[in-house]
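For this chain, numbers begin at 1 and follow the sequence in order.
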Amino acid sequence: MTSKYVYKGMDLTLDIYETIRRVVQAIADKENIPFDEAYLLFSKSHTYWCLQTPATLMWSESVEFIVDEFYREQNEVA
């Protein structure tokens with residue numbers, strides 16, 4: 001099996017997938033929407049892109065920080 005996300009030789013694939021799941025669940029809970037709908041919202045964001053790009057180190061941040069970044073980004077767009 002090849003890794004999708006690697007940073008300095010370290011496989012981050014499962015860590016990033018789990019972080020995405022936890023962030024999307026937090027957004028779904030906060031917005032009172034289904035998980036799938038929250039995933040669609042999050043997947044269109046720059047924050048999601050950063051989380052999937054290991055060099056940004058977003059994967060090392062807490063779920064709460066990432067959710068805050070997502071909402072900050074949404075407020076800038078609006």
I want to check something: taking the side chain as every heavy atom from C-beta on, are Leu41 and Ile33 in contact at a cut-off of under 4.5 Å?
yes

Minimal non-hydrogen separation, Thr56 against Cys50, with atom names:
OG1-O, 2.6 Å

Whether the Thr47 and Glu69 side chains hold a donor-acceptor pair (N or O, under 3.5 Å, no angle test) is what I'd like checked.
no

Atom CD1 of Ile20 and atom CG of Asp15: how far apart are they, to the nearest 0.5 Å?
11.0 Å

Between the side chain of Glu37 and the main-chain N/O of Ala28, is any donor-acceptor distance below 3.5 Å?
no

What distance do Glu76 atom CD and His46 atom NE2 have between them, rounded to the nearest 0.5 Å?
10.0 Å

Could you check whether any side-chain heavy atom of Ile27 comes within less than 4.5 Å of a side-chain heavy atom of Phe35, counting everything from C-beta outward?
no

Polar side-chain atom of Thr53 near backbone of Ala55 as donor-acceptor pair, under 3.5 Å
no

CG (Asp11) and NZ (Lys4) are apart, to the nearest 0.5 Å, by 12.5 Å

With heavy-atom distances below 4.5 Å as the criterion, would you say the side chains of Thr19 and Leu51 are in contact?
yes

Can you see which heavy atom on Arg22 is nearest to which on Val63, and at what distance?
CZ-CG2, 3.5 Å

Go through the steps to decide whether Trp59 and Tyr5 satisfy the test ring-ring contact (aromatic ring centres under 6.0 Å, His included), and finish with yes or no.
CA-CA 10 Å; Trp59 54 268; Tyr5 303 109; over 10 Å; no

Here's one to test your reading of the geometry: is the NZ or CZ of Lys30 within 45 degrees of the ring axis of Tyr71 and under 6.0 Å from its centre?
yes

Qualifying residue, where the test is ring pair (Phe, Tyr, Trp, His ring centres under 6.0 Å) with Phe70 and the options are Phe65, Tyr48, Trp49, Phe42:
Phe42

Examine distances only and state if a side-chain atom of Glu31 and a backbone atom of Ala38 form a donor-acceptor pair shorter than 3.5 Å.
no

